[in-house]
Each structure stands twice: as structure tokens, then as C-alpha cells.
Number of protein chains: 2
Amino acid sequence: MSTSPSLSYHHGDLRRALLEAALVILEREGEAGVQLRDLARAVHVSPAAPYRHFDSRAALLEALAVIGFQRFSRKLEDVAASGPAETGMPLGHAYVRFALDNPGLFRLMFSSQLRKDNRPGLRMAADAAFATLRHVMGGNTQGQRNAAISQWARVHGLAVLLLDRHIALPDGQDVEQLIAGVLAQP
Amino acid sequence: MSTSPSLSYHHGDLRRALLEAALVILEREGEAGVQLRDLARAVHVSPAAPYRHFDSRAALLEALAVIGFQRFSRKLEDVAASGPAETGMPLGHAYVRFALDNPGLFRLMFSSQLRKDNRPGLRMAADAAFATLRHVMGGNTQGQRNAAISQWARVHGLAVLLLDRHIALPDGQDVEQLIAGVLAQP
DNA sequence: CTGCAAAGTAAACTATGTCAACTTCACCAA
DNA sequence: TTGGTGAAGTTGACATAGTTTACTTTGCAG
């Protein structure tokens, strides 16, 4: 999958290579571990090379987060398409599972660092993903809206609290059981 | 409240002064804005002075987060003490309100950056705060436990999503109404 | 009065993001 | 074929922030 190691002056697909390397590091060391110089070294280019493709480190992180939202959105759509959504449970489960499967990415997507410098791309990607949610959950009246937000908040909160290991697992119970148990609540 | 501007060589209460300055900056610029050199300058000491009181920047941030959890815990206890907790609503409301009133602090408390370097002090402060929650909500059976976690997750998720402005307010509705509406859901 | 340890200072080291000036190279018009 | 041009990389340097080491000041115990 990795680009052919053309030893030429030009890398050929540096942007993608940087993002791939960044994703690996992001999951292994978290956002702070994603350093432009390291990425450059990992891909065998000079420290300044990434600037041909990203205005700044923040821009690269934004690109990562956007990718994250796209994958996230896709996952949710898949689930929504497969089942007729009797309950929101499968959707909620997919939401939490995505977070647990991509901890670094998920945290980056909801990082407040990125939110500060108002990056329209990120906002749009996030809105698109949430639009999927909103569409699936439906609800026009205020009551339905509140119910939908309540569900969303619960699922999101569960994901975040599990990610940060704030919820202690009772011995003999695995995460899946816990998620199912919590999402089964009214 | 600020320490008397004793122009002496020794500051007198540098640790507290640093934390106070850090809290202000934390709320104004977020975690990234909390820089040791800036804090030192703000308190009129040399850049290395903070190291007499904190091993590292991370240690200072941890101290801030611990303070946050203590305040948080106290808020929750106050609410729990005042009302007989018919519903969890007042507690949940206090939870969300704390987040909205102290955005920088709240985000720091749940920052994954700090969690990485396993800081026992932070973990203990967090556990103490959550113990309050657990105590108030009660619940020994697995069903009760799941219900409690469900409530907790919903409240936490609501706080986080509101902080990051991911929940759009319908026009003519303020945040309080939204919180009440969501927490009123079954 | 004396001396010692706590609390600050000064100066330097390192790492990282970032920029400016230069270089290569693929590609295309003449 | 040739020559130039712009995109993509390189080199070298700068600024800033965290951190360390060696030195200085000063309150205070004995």
C-alpha cells in the first residue's frame, strides 16, 4: 500500500504519506505526538517539506480530524442503512465503538484546540456527520428534538467516559456488555 | 486578594500566585495559553522560578485540574445536600452548569493529555469527585448501576457537546431551557 | 551572630514550528 | 530537441518555550 520508494527528489504523494504516518502516530501517542519534524523524518523528507501541503501543524491536524469525521459519518450511515432503526441502539453502539476503535482520532475530532482557530473545513465535516445522526433520529417537534439530544448526549458521554477510563468495569464484565447494558436503559 | 507587592527577592506565595494567574489564562485562552514563561512574567519572577514549585508544566496543569475536581466535587455535594434528590435533575444541572461556567477548567480536568502521564494526584481527585456522584445516585444491583451510568453519561455528554457548541440552540431558546428540556427526558 | 536551606536569578541547551532563499525535475509549448 | 516554468523539496536560520545547571539572596534556627 505504501507508495513505491521512488528515490527521486520528488516524493510523489507526500500529502497522503504524511497523513498516513500521522494517523499511526496519533493512535500510538496522541495528538501531542504528531510532530511535523517526526512525520517528515518518517517519510524521508526534509523538515520543511510538509509546508508544501499544509499551512501549519494545525492545518494537518484539521485534515486528520476531517478524515475522522468522514469515516465516522460513513460508519453511522452504514449502520443506519442496514437496520430499520427500531431503536437507536445499533446506532449508539456504532458511535461508541468508533470512539473505542479510534481513540486518538476521536479525541482529535472533538479537540478544543482545533475548535479555537475557526476552521471551516472541520466545522463542515462535523456538521455533515451530525446531519447523518439528525436525519436518522428524525424529530421535528421540540419534544422529539429534546429526546434526540438526550440520546446523543448519552451516547457521546458514554464514549468519552469510556475512552478516559472513568467508568470502572465490574469484574467479569467486558466493555461490550457494559455498553449494551447502558444503552438498553430507557 | 493579590499578595502585597513585596519587592523582595522572595515572592512569598509564588505557588498560589502562579496557579491563580494560570486559572485566569486557562479560561481566557485555553490550555495551550498556559505557558510557564508567561505565568512567570505575569507574577514578576524569572522564567525558571516556577520550577521551585512545579516539576514541569504538566505538573502545574495537574495541580490546576485537581483544583478543578475539588471545586466540582464541592458543587455537587452542595446540591446533593440541599435537595433530597427526588430526581437526579438538580445534580445533573449542576454538573452541566459547572462545565459551562468553567469551560477551560472543565476541559482540562478531562484532558487526555494529562491522563497520559499517569498522575496519581489527578486520578485521586477525579475519583473523589465521582465518588460523590456515585454516592448520591446510589445503586448496588447491576440494573441500578447501568441506570446510574446512563444518567452520568447523558449529563457528561450534554456538558461536552454544549461546551464545544455542537448542539445548535433553536432560536428563541436559551441554554437553560435546553438543559432542562433534555434532562427532563426519561 | 552564623550558617544553612529554601526560593529566586541568570544564562544556556534543546526541540519544534516556521520561514526565506535556493534547487530539482516533470512537463509542455515552440 | 530544447528551453523555461512552476510545483515540490532542500538547506539553513530564527523565535519561542520548556527545562537544567550553577550561582545568589535571604529568612530563620541554633
Side-chain angles (χ1 to χ4, degrees), chain A residues 2-22 24-26 28-65 104 108 111 113-114 116-117 119, chain B residues 2-22 24-26 28-65 104 108 111 113-114 116-117 119:
Chain A
S2 57
T3 57
S4 65
S6 66
L7 304 175
S8 63
Y9 191 92
H10 290 74
H11 181 284
D13 201 5
L14 184 53
R15 183 189 165 92
R16 183 176 316 271
L18 287 171
L19 289 175
E20 278 176 15
V24 172
I25 296 189
L26 179 64
R28 200 160 53 205
E29 309 180 30
E31 188 221 285
V34 179
Q35 299 177 355
L36 291 188
R37 292 177 109 103
D38 282 354
L39 295 182
R41 197 173 316 126
V43 187
H44 307 294
V45 287
S46 75
Y51 285 88
R52 285 290 146 190
H53 301 274
F54 301 99
D55 283 348
S56 64
R57 187 184 108 102
L60 186 143
L61 290 179
E62 182 203 2
L64 282 182
L108 180 67
S111 151
Q113 292 299 300
L114 280 184
K116 268 192 326 193
D117 18 54
R119 303 200 164 264
Chain B
S2 58
T3 57
S4 66
S6 68
L7 304 175
S8 64
Y9 190 91
H10 290 72
H11 182 283
D13 200 6
L14 183 53
R15 184 187 164 92
R16 184 176 315 274
L18 287 171
L19 289 175
E20 279 175 14
V24 173
I25 296 189
L26 179 64
R28 200 161 51 205
E29 307 180 34
E31 188 221 285
V34 179
Q35 300 177 355
L36 291 188
R37 292 179 110 102
D38 283 354
L39 295 182
R41 197 174 315 126
V43 187
H44 306 295
V45 287
S46 74
Y51 286 88
R52 287 291 146 188
H53 302 274
F54 301 99
D55 283 348
S56 63
R57 187 184 108 104
L60 186 144
L61 290 178
E62 181 202 5
L64 283 181
L108 180 66
S111 152
Q113 291 300 298
L114 280 185
K116 265 192 326 191
D117 17 53
R119 304 203 165 261

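Below, read A as the first sequence line, B as the second, and so on, with proteins coming before strands; counting in each chain starts at 1. The analysis underlying the following values was restricted to heavy atoms, covering all of them including side chains, and did not include hydrogens, waters or symmetry mates.
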Pairs of donor and acceptor atoms involving the side chains of residues 30-38 of chain A, under 3.5 Å and at least two apart or interchain, shall be tabulated with distances.
unit_1, atom_1, unit_2, atom_2, d
Glu31(A), OE2, Arg57(A), NH2, 3.0
Asp38(A), OD1, Arg41(A), NH1, 3.2

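- We find that CD of Gln35(A) is positioned 13 Å from C1' of dA17(D), with the value rounded to whole Å.
- In this structure, CG of Leu39(A) is placed 12 Å from C1' of dT16(C), rounded to the nearest angstrom.
- Minimum heavy-atom separation, Pro50(A) to Pro47(A): CD-O, 3.4 Å.
- Here the closest non-hydrogen pair linking Arg119(A) and Ala58(A) is NH2-CB, 3.2 Å.
- Between Leu60(A) and Ala22(A), the shortest heavy-atom contact is CD2-CB, 4.0 Å.
- Contact annotation: His53(A) reaches the phosphate of dG9(D) (side-chain N/O to OP1 or OP2, under 4.0 Å).
- The nearest whole Å value for the distance from the CZ atom in Arg15(A) to the C1' atom in dG9(D) is 17 Å.
- Atom pair Leu14(A):CG and dT10(D):C1' shows a separation of 13 Å (rounding to whole Å applied).
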Protein-nucleic acid N or O pairs under 3.5 Å, nucleotides 19-21 of chain D:
unit_1, atom_1, unit_2, atom_2, d
dT19(D), OP2, Tyr51(B), OH, 2.9
dT19(D), OP2, Arg57(B), N, 2.8
dT19(D), O5', Tyr51(B), OH, 3.2

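- The two residues Leu14(A) and His53(A) make their nearest non-hydrogen contact at CB-NE2, 3.6 Å.
- Summarising the geometry, the separation between CG on Asp38(A) and P on dT18(C) is reported as 14 Å, rounded to the nearest angstrom.
- The side chain of Ala49(A) has dT10(D) as its nearest neighbour among dG8(C), dG18(D), dT10(D).
- Of all the heavy atoms in Val43(A) and Ala21(A), the pair that sits closest is CG2-CB, 4.2 Å.
- For Phe54(B) and dG8(C), the CZ to P distance is 11 Å, given to the nearest whole Å.
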